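The structure appears right after this line, and notes come after that.
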Amino acid sequence: MSNEALHGHPEVVTTHDVHHDEHHVHHHKETFITKYVFSQDHKMIAKQFLITGMVWGILGGLMSVLFRLQLGYPDQTFPWLEDILGRWAKGGKISAENYYALVTMHGTVLVFFVLTGGLSGTFANFLIPLQIGARDMASPFMNMLSYWFFFGASVVMVSSLFIQTGPFSGGWTAYPPLSALGDASPGSKTGMDLWIVAMAMFVVSSLLGGLNYISTVLNMRTKGMAMTRMPLTMWALFFTAVLGVLSFPVLLSGFILLLFDRHGGTSFYLSDIYITATKQALPNEGGSAILYQHLFWFLGHPEVYIILLPAMGMASEIISINARKPIFGYMAMVGSIFAITILAFLVWAHHMFVTGLNPFLGSVFVLLTLLIAVPSAIKVFNWLTTIWKANIRFTPGMMFALGFVSLFISGGLTGIFLGNSTLDIHLHDTYFVIAHFHIVMGVSAFFGMFAGVYHWFPKMYGRFLNNTMAYIHFWVTLAGAYLIFWPMHYEGLAGMPRRYLDYSGWESFKHFAELNKFISTVAMIVFAVQLMFLFNFFYSIFKGRKVTTQNPWGATTLEWTTPIRPGHGNWPGEIPEVHRWAYDYSKDGRDFIPQTEPIGPNESKH
């Protein structure tokens, strides 16, 4: 088979292409192990990321249910908790140390292992080769390594739950000195070392994946697939990879310095600390915990968009398909993604307004932070304009995409408060912050992820998910998200601090007791519905309604030109050539026109 036949792109034939073709030939000799365990097929790796992320999602969600039980019912004991958790809940009540361990692990696994690894790992792997017209990633082997580093990181992180001193309990940001001093708390001992090792492996996984995504998009697009013809999902995943490649190494360097402080006798983050319990002054000099915060948040804020951009891209795609309209302002959307990528690197210090930051410097970061609202608003405007007067199909994927837009708007508006240094000083470390970032970065990204799963599940498994369970999943999760997090804004405005396990001893917060019970009850209901989604997912893989047509959603993009269950290599013959952009819907009296169809002589412009 010629290179042209394999890639459909005669102008770009590199040595990699040759290896890639050889790799493709070997696919027919795959064993069970090479096909399902150490697979180099991007689609199988995507499924591995998705299922690993789902396991983490359920574990992280369960942790939140446990500590919400403590927050909602601080005076009660639950003997069944001791049966399940053992020493973590002696007498049926979660101890303070274990409460903080649960909160730490909940934040760590959901931010990094689900919404970063699970979301990007799944959809970048699955969609990039399919939507740009490539047989696989630029380096399938590196892609496989990316997953196994991710899996190894998961094993190390989860193993910390089973050691005697427990997992790290100093918060998901791992600020020194709690993270740098082994004696700070039981969780600061081996649990912290395992946390660092797991996170370092996770960063390596992200870098391997990100470099692969970038080189695949730049080098392996099929003939005719100019950058300006790529679906918005591709643009979003491309810039997400750029963000990760530029920011994750900074976090990794921060972790390495942390390890030196813990075990090498260095003093990057420690200085002038007197430990009252042991009446001991540390010998460290010159270090500063603030340095760690700079390094952490230089990744931390791009991380928000590493999580959100894939969801934005997929929502754009799904909204346009189900509105049966072209996406409004394609180039403005691309420009917005680019602007967000640039600005994401320039706003990290708004997380540090209360650390003694120079007020003038703070005002610069206020300006830069508020500027990022401009491209975000452009995207929202374009989504709303796309659905304006549209003939909308309310598929489960579309419902979750619209839910994403709703949550992104709600959470984005409260970000304006926190981006303003004068307001942030009052709201910092209160429940207002929790409410804001859970809605805009947590739940909305989950909605983008769910939209992607419902929309591309037929391409992944050749079957549909059950619609009835999908609609229940959507409505309960959407209502639950607002019922859980909206009241937290009011608690935060009243000054209720985060990370406390019991508010019953505070006169000023006692009147929130019933509200806390309500929030905890809703959280349990929402978690139960996620279990139903899990059942729907695995049941439908084997028993779901079979897909009988190649293009069930009537979409224009290339992934729907492959067989219903594409093999490794994606297209059995030549890769199709692209002749137009990805959003020709409701044009010239036709419902949709695939990207592979040449532009007609009398065709109107979009």
Side-chain angles (χ1 to χ4, degrees), residues 41-54 57 114-115 117-134 136-137 213 230-237 240 309-322 327 393-404 445-467 469-470 473-474 533-534 536-538 540-541 544-568 570-571 582-583 592 594-595:
D41 181 354
H42 69 99
K43 300 184 291 300
M44 181 57 68
I45 294 169
K47 292 173 190 174
Q48 290 172 329
F49 267 107
L50 177 59
I51 291 172
T52 309
M54 286 170 70
V114 181
L115 293 175
L119 183 53
S120 281
T122 299
F123 291 104
N125 271 303
F126 191 75
L127 291 177
I128 287 176
L130 286 174
Q131 286 202 336
I132 66 167
D136 205 317
M137 286 290 176
Y213 306 152
M230 289 200 306
L232 287 171
T233 308
M234 291 299 98
W235 277 108
L237 291 171
T240 301
L309 282 181
M312 287 178 173
M314 291 190 293
S316 305
E317 196 84 16
I318 294 167
I319 285 173
S320 179
I321 291 171
N322 290 290
I327 194 78
R393 301 185 309 199
F394 290 102
T395 64
M398 181 64 166
M399 300 288 274
F400 274 99
L402 295 175
F404 163 79
F446 264 111
F447 269 61
M449 191 171 179
F450 286 135
V453 170
Y454 281 108
H455 185 75
W456 280 289
F457 188 88
K459 179 52 60 181
M460 286 183 175
Y461 295 102
R463 294 177 185 268
F464 291 100
L465 286 156
N466 180 281
N467 271 2
M469 283 194 272
H473 179 213
F474 169 75
F533 164 73
L534 199 68
N536 188 11
F537 182 88
F538 286 106
S540 299
I541 287 175
R545 181 165 55 91
K546 285 186 177 178
V547 177
T548 54
T549 59
Q550 204 175 29
N551 189 2
W553 306 125
T556 59
T557 42
L558 285 181
E559 74 269 31
W560 304 105
T561 63
T562 63
I564 292 173
R565 295 289 303 276
H568 197 174
N570 298 334
W571 287 268
Y583 300 101
F592 71 100
Q595 280 190 286

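Quick caveat, the model's predicted, so the values are computed rather than measured.
Looking at heavy atoms from C-beta onward, V453 lies in side-chain contact with L465 at the 4.5 angstrom threshold. Between Y583 and L232 the shortest side-chain heavy-atom distance falls below 4.5 Å. For the pair I128/M234, a side-chain contact is recorded, criterion being any heavy-atom separation below 4.5 Å from C-beta on. Considering only heavy atoms from C-beta on, F592 comes within 4.5 Å of N551 through its side chain.
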Take I319 and M398, measure what side-chain contact (heavy atoms from CB on, under 4.5 Å) needs, and give me the verdict at the end. CA-CA 6 Å; I319 285 173; M398 181 64 166; 4.1 Å; yes
L115 and F446: CA distance, side-chain angles, deciding distance, side-chain contact (heavy atoms from CB on, under 4.5 Å) verdict: CA-CA 7 Å; L115 293 175; F446 264 111; 3.8 Å; yes
So R393 and I321, side-chain contact (heavy atoms from CB on, under 4.5 Å) or not? Walk me through it. CA-CA 9 Å; R393 301 185 309 199; I321 291 171; 3.6 Å; yes
Show the numbers, then the answer: is there a side-chain contact (heavy atoms from CB on, under 4.5 Å) between L558 and L130? CA-CA 6 Å; L558 285 181; L130 286 174; over 6 Å; no
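Between the side chain of W560 and the backbone N or O of W553 there is no donor-acceptor pair closer than 3.5 Å. Not one N or O on the side chain of T122 forms a donor-acceptor pair closer than 3.5 Å with the backbone of L119. When atom types are taken as modelled, the side chain of R463 and the backbone of F457 share no donor-acceptor pair closer than 3.5 angstrom. The closest donor-acceptor contact from the side chain of S316 to the backbone of M312 lies under 3.5 Å. Distance alone, capped at 3.5 Å, is enough to place a donor-acceptor pair between the T233 side chain and the G313 backbone. Checked by atom type and distance alone, the side chain of K43 never pairs as donor or acceptor with a backbone atom of D136 at under 3.5 Å. Judged purely by atom type and a 3.5 angstrom limit, T562 has no side-chain atom pairing as donor or acceptor with the backbone of W571. Side chain of Q550 to backbone of T561: a donor-acceptor contact under 3.5 angstrom is found. Using a distance-only test at 3.5 Å, with no hydrogens or angles considered, a donor-acceptor pair links the side chain of K47 to the main chain of M460.
For F538, the side-chain contact (heavy atoms from CB on, under 4.5 Å) partners two or more places apart in sequence, or in a different chain, are I51, M54, L534, I541.
For the atom pair OG1 of T549 and CD1 of I564, the computed distance is 6.5 Å after rounding to the nearest 0.5 Å. Between atom CZ of residue F447 and atom CE of residue M399 there is a gap of 10.0 Å, rounded to the nearest 0.5 Å. Summarising the geometry, atom CD1 belonging to I45 is positioned 6.0 Å from atom CG belonging to N125; distances are rounded to the nearest 0.5 Å. In this structure, CZ on F123 lies 7.0 Å from CH2 on W456, to the nearest 0.5 angstrom. For the atom pair N466 CG and F537 CZ, the distance stands at 14.5 Å (nearest 0.5 Å). Summarising the geometry, atom CD belonging to E317 is positioned 7.0 Å from atom CD belonging to E559; distances are rounded to the nearest 0.5 Å.
Listed here is the closest heavy atom pair of A470 and F400: O-CE1, 4.1 Å. The nearest pair of heavy atoms linking G57 to V114 is N-CG2, 3.5 Å. Here the closest heavy-atom approach between residue A311 and residue G448 is recorded as CB-CA, 3.9 Å. When all heavy atoms are compared, the tightest approach of A134 to N570 is O-ND2, 2.9 Å. Taking each heavy atom of P129 and A124 in turn, the nearest pair found is CD-O, 4.1 Å. The two atoms that bring A236 and L309 nearest to each other are CB-O, 3.2 Å, heavy atoms only.
Taking the six-membered ring wherever Trp is involved, the centroid distance between the rings of F474 and Y454 does not fall below 6.0 Å. Ring pair H473/F450: centre-to-centre distance below 6.0 Å.
Relative to the ring axis of Y461, K546 does not place its NZ or CZ within 45° and under 6.0 Å from the centre.
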